[in-house]
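Labels below follow one simple rule: chain letters A, B, ... track the order of the sequence lines, proteins then strands, and each chain is numbered from 1.
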Amino acid sequence: MLQVAKIRENKEAYLKALEKRNFDATELFSEVLRLDEERRSTQATLDEILAESNKLSREIPLMFKSGEHMKADLLKEKSAGLKVRSKELSGKLNQVSADLQQQLYNLPNIPNELVPAGASEADNQEVFSEGEIPQLHEGALPHWELAKKYDIIDFELGNKITGAGFPVYKGKGARLQRALITYFLDKSTQAGYTEFQMPLMVNEASGIGTGQLPDKEGQMYHVQQDDLYLIPTSEVPITNMFRDSLLEEKDFPIKCTGYTPCFRREAGSYGADVRGLNRLHQFDKVELVRIEKPEDSYAALDDMVEHVKELLRELGLPYRILRLCGGDLGFTSSMTYDFEVYSTAQDRWLEISSCSNIEAYQANRLKLRIRRKDGKKELAHTLNGSALALPRVLAGILENYQTPEGIRIPEVLVPYTGFDLIN
RNA sequence: AGAGAGGUGGCCGAGUGGUCGAAGGCGCACGCCUGGAAAGUGUGUAUACGCUAACCGCGUAUCGAGGGUUCGAAUCCCUUCCUCUCUGCCA
């Protein structure tokens with residue numbers, strides 16, 4: 001959520017920046033500023049009435065004491081009148097504030113100046129790539145065929161037990177999953193992130209805090225009986241640890257990591273995209289979350305990018321990094337780097353990590369602030385990134401490491417798997 | 001899930017209708033004291049919004065949350081959330 005005061009100060013620059021998203025905020029901005037104006041003037045009037053009313057309340061008992069009952073009754077009447085007006089006004093204040101809030105929810109974050117303009121993923125900027133695309137042997141298979149051939153992932157069984165998008169990992173497949181999770185967590189903690197195990201369900205307030213609610217309600221599984229949501233990413237519970245908090249400057253930076261399954265309804269996704277491990281309703285992910293001072297947040301984003309690079313380098317997967325263009329940038333993000341691994345057998349790039357600087361957009365909803373050494377308070381910046389999401393890493397390993405003898409395991413994982421070949 | 005108790009400032013804890021944003025203590029910050037420290041001592045120490053150039057000042061709100069009664073609510077009533085104890089159930 002953008003800050004009204006900043007919109008007022010930077011209106012023109014913001015409008016221009018939002019053009020990169022192909023988002024014309026002209027009308028929304030003027031509506032927001034109008035509502036804010038109204039909110040402030042309503043509060044000013046209300047405050048005056050309440051002040052008057054408080055004053056009367058202080059005078060009334062004095063009059064009773066001095067025996068001026070008539071006068072006291074008069075004031076009582078006056079006070080009652082003020083109360084009627086104050087009720088009206090506070091009702092109006094609530095309404096205007098809610099309207100303002102609603103309009104602010106409709107505004108996406110302001111893209112960083114480095115973000116290129118663009119309409120779709122075709123306009124994303126490749127900023128880095130690394131790794132050799134392997135020459136596969138004759139008859140190389142896509143990962144869903146390999147999974148079947150070596151009996152390590154059973155999609156049919158998942159269909160039977162739950163439904164599409166909930167695969168069952170078996171034997172070495174299950175072990176490889178566990179190895180990846182442990183490897184990723186080890187790398188995160190070595191990089192100074194504190195590991196957390198978070199609840200897999202969150203309440204409504206948390207959903208609102210990180211921005212999944214109220215808009216993207218349909219993307220989360222909702223447990224209606226208890227009004228809880230299955231997390232779509234551990235970003236939600238982890239970031240919400242810091243909801244409604246005022247952190248001291250000396251506590252920064254804050255670096256958190258956590259492994260959780262993630263649950264996504266993926267309503268509206270069809271086609272080849274959902275084949276095999278490409279898109280699932282339940283998948284595993286190790287997430288990085290950082291809370292930073294505003295002046296440090298872009299260095300932190302670079303640091304996260306370096307971290308993910310190292311993971312992919314160690315795993316020996318060919319990848320590229322894209323700076324997302326305005327049109328492809330997430331609603332809440334100021335700048336996002338997507339990592340894509342090349343899936344040799346599918347002959348396409350698969351998104352495997354997304355590292356974003358949300359700047360103050362999320363912090364404003366979360367009420368997550370910093371108290372500076374001099375006592376000044378301001379919103380913190382939040383960042384998050386996957387390090388990494390498992391299914392597509394697995395797909396990449398299966399496809400890129402296949403040989404006629406079987407699937408070789410990247411060297412760095414062997415200590416975690418206890419085997420170096422799936423056959 | 002049933003019965004009971006309770007939710008007050010960073011923490012502990014007083015306060016059962018009227019100058020209560022809230023006693024007292026602890027903690028913390030700064031000063032004095034000291035060769036230095038401890039002890040002692042003095043002062044200060046919530047957040048949000050609005051007015052404002054202002055993190056000066058003033059106003060308003062906030063004692064889990066929301067609503068109600070009243071001229072006036074931390075205190076009374078209702079709803080709701082949470083915590084604790086006992087009982088039940090259970091990995």
Side-chain angles (χ1 to χ4, degrees), chain A residues 1-9 32-104 197 199-209 213 223-229 237 240-252 254 261 293-295 360 363-380:
Chain A
M1 187 165 73
L2 297 176
Q3 297 158 265
V4 179
K6 300 246 164 144
I7 295 177
R8 201 181 313 136
E9 287 163 27
V32 160
L33 294 179
R34 185 189 68 76
L35 284 168
D36 182 53
E37 194 76 22
E38 194 175 349
R39 188 194 112 250
R40 278 152 52 214
S41 73
T42 306
Q43 191 187 332
T45 317
L46 176 61
D47 282 358
E48 264 172 48
I49 290 170
L50 289 173
E52 173 74 15
S53 165
N54 285 342
K55 199 174 140 221
L56 292 180
S57 298
R58 266 174 264 130
E59 285 168 3
I60 288 168
L62 298 179
M63 297 192 168
F64 276 119
K65 261 182 207 162
S66 60
E68 299 172 273
H69 291 265
M70 295 281 283
K71 218 169 161 189
D73 285 338
L74 221 81
L75 290 189
K76 270 194 187 183
E77 224 169 279
K78 194 172 170 193
S79 178
L82 288 175
K83 189 172 186 185
V84 172
R85 279 197 65 202
S86 78
K87 261 195 177 161
E88 275 171 26
L89 278 169
S90 79
K92 184 180 171 195
L93 183 62
N94 287 339
Q95 186 57 51
V96 171
S97 302
D99 290 349
L100 176 60
Q101 183 92 343
Q102 195 52 53
Q103 296 301 338
L104 285 170
Q197 269 196 22
L200 304 183
M201 292 200 270
V202 295
N203 56 28
E204 187 185 21
S206 294
I208 290 171
L213 296 174
V223 180
Q224 299 204 349
Q225 193 166 9
D226 296 290
D227 197 19
L228 296 172
Y229 296 85
N240 270 285
M241 291 197 286
F242 304 96
R243 169 155 47 87
D244 291 318
S245 40
L246 181 53
L247 304 169
E248 301 298 328
E249 187 169 4
K250 64 177 165 54
D251 297 330
F252 286 79
I254 295 170
K293 295 190 264 183
E295 66 271 26
N364 194 28
R365 275 202 190 189
L366 290 164
K367 297 195 186 71
L368 165 50
R369 288 154 304 148
I370 307 176
R371 196 207 315 264
R372 298 287 192 174
K373 287 190 189 101
D374 62 8
K376 283 186 192 170
K377 290 169 282 264
E378 66 180 306
L379 293 172

Novice: Would you kindly give the CD-to-C1' distance between A/E52 and B/rG72, to the nearest whole Å?
Specialist: 15 Å
Novice: In whole angstrom, give the distance that lies between atom CG of A/L56 and atom P of B/rG18.
Specialist: 19 Å
Novice: For B/rG10 versus B/rU47, give the span between their C1' atoms, rounded off to a whole number of Å.
Specialist: 13 Å
Novice: Does one side chain, of A/D99 or A/Q103, offer a donor that lies under 3.5 Å from an acceptor on the other?
Specialist: no
Novice: Say you pick atom P in B/rC26 and the same atom in B/rA91; how far apart are they, in whole Å?
Specialist: 49 Å
Novice: Take atom CG of A/D227 and atom C1' of B/rU80, then tell me their distance rounded to the nearest Å.
Specialist: 13 Å
Novice: Does OP1 or OP2 of B/rA48 have a side-chain N or O of A/R369 closer than 4.0 Å?
Specialist: yes
Novice: Measure CG/A/D36 against C1'/B/rC49 and give the value in whole Å, please.
Specialist: 11 Å
Novice: Regarding A/L50, tell me which of base, sugar-phosphate or nothing describes its non-hydrogen contacts under 4.0 Å with the strands shown.
Specialist: sugar-phosphate
Novice: Taking NZ, NE, NH1 and NH2 as the nitrogens, is one of them in A/R372 or A/E378 under 4.0 Å from a carboxylate oxygen of the other?
Specialist: yes
Novice: Taking atom C1' in both B/rG15 and B/rA74, compute the distance separating them and give it to the nearest angstrom.
Specialist: 8 Å
Novice: For the side chain of A/A44, counting heavy atoms from C-beta on, which of B/rG18, B/rG59, B/rG50 is nearest?
Specialist: B/rG50
Novice: What's the gap between B/rC81 and B/rG64 when it is taken at their C1' atoms, as a whole Å value?
Specialist: 8 Å
Novice: With A/K293, which residues qualify under salt bridge (charged side-chain N to carboxylate O under 4.0 Å, His left out), at least two apart?
Specialist: A/E249
Novice: Reading RNA chain B 5' to 3', what string of ( ), [ ], | and . shows its pairs, if Watson-Crick and G-U wobble pairs count only when both distances fall under 3.5 Å?
Specialist: ((((((((.[[[..)..(.....]]]((((((.......))))))((((((.....)))))).[[[[[..)....]]]]])))))))....
Novice: Can you find a side chain N or O atom of A/R39 that sits less than 4.0 Å from OP1 or OP2 on B/rC49?
Specialist: no
Novice: Does A/D73 reach a base, just sugar-phosphate, or nothing at all? Heavy atoms under 4.0 Å.
Specialist: nothing
Novice: For A/K92, check salt bridge (charged side-chain N to carboxylate O under 4.0 Å, His left out) against everything at least two apart and list the hits.
Specialist: A/E38
Novice: How far, in whole Å, is B/rA22 from B/rU75 if one measures between their C1' atoms?
Specialist: 12 Å
Novice: Specify the residue among A/P61 and A/R371 whose closest nucleotide of RNA chain B lies further upstream toward the 5′ end.
Specialist: A/P61
Novice: Identify whether any heavy atom of A/R372 sits under 4.0 Å from a base atom; if not, whether one sits that close to sugar-phosphate; answer base, sugar-phosphate or nothing.
Specialist: nothing
Novice: Name every residue in residues 77-95 of chain A that has at least one heavy atom under 4.0 Å from any atom of RNA chain B, in order of residue number, or write none if there are no such residues.
Specialist: A/S79, A/K83, A/K87
Novice: I need the minimum non-hydrogen distance between A/N240 and A/S206, along with the two atoms involved.
Specialist: ND2-O, 2.8 Å
Novice: So which atom in A/L228 and which in A/N203 form the shortest heavy-atom distance, rounded to 0.1 Å?
Specialist: CD2-CA, 3.8 Å
Novice: Between B/rC28 and B/rG67, how far apart are the two C1' atoms, rounded to whole Å?
Specialist: 38 Å
Novice: Atom CG of A/D47 to atom C1' of B/rU60: distance rounded to whole Å?
Specialist: 4 Å
Novice: Take atom C1' in B/rA46 and the same atom in B/rG42, then report the distance between them in whole Å.
Specialist: 23 Å
Novice: Under 4.0 Å: is that the gap between some side-chain N or O of A/N54 and OP1 or OP2 of B/rG72?
Specialist: no
Novice: If I take atom CD in residue A/E204 and atom P in nucleotide B/rU80, what distance separates them, rounded to the nearest angstrom?
Specialist: 17 Å
Novice: I want to confirm an ordering. Mapping A/K377 and A/K76 to their closest nucleotides on RNA chain B, which one lands closer to the 5' end?
Specialist: A/K377
Novice: Expressed as a whole number of Å, how far does the C1' atom of B/rG6 sit from that of B/rC63?
Specialist: 14 Å
Novice: Of the non-hydrogen atoms in A/L46 and A/S86, which two are nearest, and what is the gap between them?
Specialist: CD1-O, 3.5 Å
Novice: What closest approach, in Å, do A/P237 and A/P199 show between heavy atoms, and which atom pair accounts for it?
Specialist: CG-O, 3.7 Å
Novice: Looking only at heavy atoms, which two atoms of A/V96 and A/L35 are closest? And how far apart?
Specialist: CG1-O, 3.4 Å
Novice: Could you check how far CG of A/L100 sits from P of B/rC49, rounded to whole Å?
Specialist: 13 Å
Novice: If the condition is side-chain contact (heavy atoms from CB on, under 4.5 Å), which residues does A/A51 pass it with, not counting sequence neighbours?
Specialist: none
Novice: Considering only side-chain heavy atoms of A/I60, which listed nucleotide, B/rU47, B/rC71, B/rG59, is closest?
Specialist: B/rC71
Novice: For the pair made of CD in A/Q3 and P in B/rA48, what is the distance, rounded to whole Å?
Specialist: 13 Å
Novice: Kindly say if A/R58 contacts the phosphate of B/rG72, meaning a side-chain N or O under 4.0 Å from OP1 or OP2.
Specialist: no
Novice: Go through the structure and list residues passing salt bridge (charged side-chain N to carboxylate O under 4.0 Å, His left out) with A/K83, not counting sequence neighbours.
Specialist: none
